[in-house]
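Have a look at the structure below before the remarks.
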Amino acid sequence: MTNKLNVLIVEDDQNDCDALTAEVKANADKLCLAGVSKSSNDALAFIRNHNPHAVILDLELQEGCGDGMDLLDKLRSTVLCPRPYIVVNTNNSSKITRIRAKKLGADYEFAKWQKGYSPKMVINQLLLVMPEILGDDEEPAAPPSEAEIENRMREFVQDSFNRLGMSIKNKGYNYLVEAVILAAKDENLNFVKAIGERTGKKENSITHAMQYAINHTWNTANIYDLIKNYPAPLPKNQDAPTVNGFVYTYKQHLVKHLK
C-alpha cells in the first residue's frame with residue numbers, strides 16, 4: 001500500500017496536541033498530518049473541504065472553540081464520501097457521554113485517564129486499521145468526484161419526487177431538487193438565495209414556484225401515495241408542507257440514503 005493516511009487532529013490541549021503531532025510525524029512513511037484545529041467549526045469546514053481519512057477528536061474543547069459532540073452530530077448529517085474514521089480521545093469519564101459519541105458516529109474511543117494511556121496508543125490504533133480505511137488494494141479506487149456524487153443525489157431526489165406524484169412540468173420541481181441538494185451539502189446555506197444567484201430569478205419568485213409545486217402535489221396526488229412515499233409524518237389536516245419543511249425532510253432522506 002503506497003498511500004498515506006491523512007490525519008486531522010482536533011485537540012485544544014497543547015501538550016496533547018504536540019504529542020499526537022509528534023507521533024504522526026514519527027510515522028511519516030505511513031501517516032500524513034492533514035491539519036490541526038482547536039475549533040469544532042473550523043474542523044467541520046476542513047473536513048468538508050479536504051476530506052481527511054481519519055480524525056482524532058477531543059470531545060471537550062474547553063480551551064478551544066466549540067464542542068466535539070456537536071462536531072460529531074454535524075458530521076452525521078453532512079454528505080461526505082468517504083466518511084472519515086473518527087477516534088475520540090477524551091478526559092470525559094461519563095459512560096452516557098461516551099455511548100452517545102459512539103451513536104453519533106465515533107469509530108473508536110480512548111480515555112486519557114485510563115491506565116497506560118499514551119498518544120502513541122492512539123496512533124498505533126490508526127495504524128492497525130489503516131488498511132481497512134484506505135482499502136486493501138495497492139492502488140485504492142479513486143473516490144467519486146463531486147460531479148458524480150451530485151448526479152447520484154439528483155437522481156435519488158428526482159425519483160423520490162416522482163414517486164410522490166410531483167409534476168416535472170412545474171417550475172418549482174427543479175428548484176426543489178436543487179434546494180434539497182444544496183441543503184444536503186450545507187444545512188446552513190440559504191438555498192433560495194443560492195438558486196436565485198444561479199438562475200437570475202428573484203427569491204420570492206423561486207419560493208412561490210416551489211410552494212406552488214408542493215401545494216399542487218398535495219391537491220392532486222392520492223392521499224395513500226402521499227402517506228406511503230412522503231418520508232415524514234404528513235402535516236396535520238392534510239395541509240401541504242412549507243418549502244422549508246419539505247426541503248429539509250428530503251434533505252434528511254437524501255443524507256440517510258447516501259450513508
Side-chain angles (χ1 to χ4, degrees), residues 1-94 97-140 142-143:
M1 181 177 296
T2 58
N3 285 14
K4 293 184 181 181
L5 193 76
N6 295 318
V7 182
L8 170 66
I9 298 173
V10 185
E11 173 64 69
D12 66 330
D13 185 290
Q14 194 60 53
N15 291 331
D16 287 344
C17 186
D18 290 345
L20 288 166
T21 298
E23 289 295 337
V24 170
K25 292 181 177 179
N27 292 275
D29 58 325
K30 296 180 180 179
L31 306 178
C32 176
L33 184 63
V36 175
S37 179
K38 294 182 179 181
S39 163
S40 61
N41 288 334
D42 290 348
L44 178 61
F46 185 94
I47 293 168
R48 283 173 170 167
N49 292 328
H50 301 283
N51 210 7
H53 298 118
V55 178
I56 300 174
L57 174 64
D58 184 13
L59 286 186
E60 297 178 321
L61 301 172
Q62 296 174 349
E63 302 298 325
C65 180
D67 179 80
M69 293 285 280
D70 181 57
L71 176 59
L72 284 173
D73 191 33
K74 288 179 178 177
L75 284 175
R76 188 175 56 160
S77 59
T78 299
V79 176
L80 296 168
C81 189
R83 303 185 68 79
Y85 183 86
I86 300 176
V87 178
V88 164
N89 199 31
T90 181
N91 269 316
N92 194 301
S93 60
S94 168
T97 299
R98 292 156 66 190
I99 290 173
R100 182 59 180 163
K102 283 288 185 70
K103 289 183 177 180
L104 289 176
D107 294 288
Y108 205 85
E109 176 249 331
F110 282 98
K112 295 179 183 180
W113 45 264
Q114 73 187 54
K115 184 177 180 180
Y117 165 82
S118 69
K120 188 177 183 66
M121 290 174 60
V122 180
I123 301 306
N124 283 343
Q125 196 275 336
L126 281 181
L127 291 171
L128 283 173
V129 297
M130 178 178 169
E132 283 68 36
I133 296 175
L134 292 181
D136 292 325
D137 298 331
E138 285 294 319
E139 296 293 336

Side-chain heavy-atom pair Leu75, Ile86 within 4.5 angstrom cut-off: yes

Heavy-atom pair with the smallest gap, counting every atom of Glu132 and Leu128: OE1-O, 3.8 Å

Partner set under side-chain contact (heavy atoms from CB on, under 4.5 Å) for Asn92, not counting sequence neighbours: Glu60, Thr90, Ser94, Thr97

Pairing residues for Asp16 by the side-chain hydrogen bond (donor to acceptor under 3.5 Å, both in side chains) criterion, not counting sequence neighbours: Lys112

Sequence neighbours excluded, every pair satisfying ring pair (Phe, Tyr, Trp, His ring centres under 6.0 Å) that has a member inside residues 28-48: Phe46-His50

Spatial distance of atom CG (Asp58) from atom CD (Glu11) [nearest 0.5 Å]: 4.0 Å

Any residue meeting side-chain hydrogen bond (donor to acceptor under 3.5 Å, both in side chains) with Asn124, in chain and number order, not counting sequence neighbours: none

CG on Leu71 to CG on Asp42, rounded to 0.5 Å: 10.5 Å

Residue list, ring pair (Phe, Tyr, Trp, His ring centres under 6.0 Å) with Tyr108, at least two apart or on another chain: Phe110

Counterpart residues, side-chain hydrogen bond (donor to acceptor under 3.5 Å, both in side chains), relative to Glu23 (two or more places apart): none

Within residues 100-110 or reaching into it, pairs that qualify as salt bridge (charged side-chain N to carboxylate O under 4.0 Å, His left out) - sequence neighbours excluded: Arg98-Glu109

Non-neighbouring partners of Asp18 that pass side-chain contact (heavy atoms from CB on, under 4.5 Å), sequence neighbours left out: Gln14

Contacts of type side-chain hydrogen bond (donor to acceptor under 3.5 Å, both in side chains), residue Arg48, not counting sequence neighbours: none

Heavy-atom closest pair, residues Ala106 and Val88: CB-CG2, 3.5 Å

Residue pair Lys74 / Asn41: nearest heavy atoms and the distance that separates them: NZ-OD1, 3.6 Å

Euclidean distance, Lys120 NZ relative to Leu127 CG, rounded to 0.5 Å: 8.5 Å

Considering all heavy atoms, the nearest Asn91-Trp113 contact: O-CD1, 3.1 Å

For Pro84 against Pro52, the heavy-atom pair lying closest together: CB-O, 3.4 Å

Passing candidate, side chain to side chain contact (heavy atoms under 4.5 Å, CB included) with Leu5, options Leu31, Val129, Asn27, Val24: Leu31

Intermediate values then yes/no, side chain to side chain contact (heavy atoms under 4.5 Å, CB included), Asp70 and Leu44: CA-CA 10 Å; Asp70 181 57; Leu44 178 61; over 6 Å; no

From Thr21 atom OG1 to Leu33 atom CG, the distance as rounded to the nearest 0.5 Å: 5.0 Å

Contact summary for Leu59 and Ala101, nearest pair of heavy atoms: CD1-CB, 4.3 Å

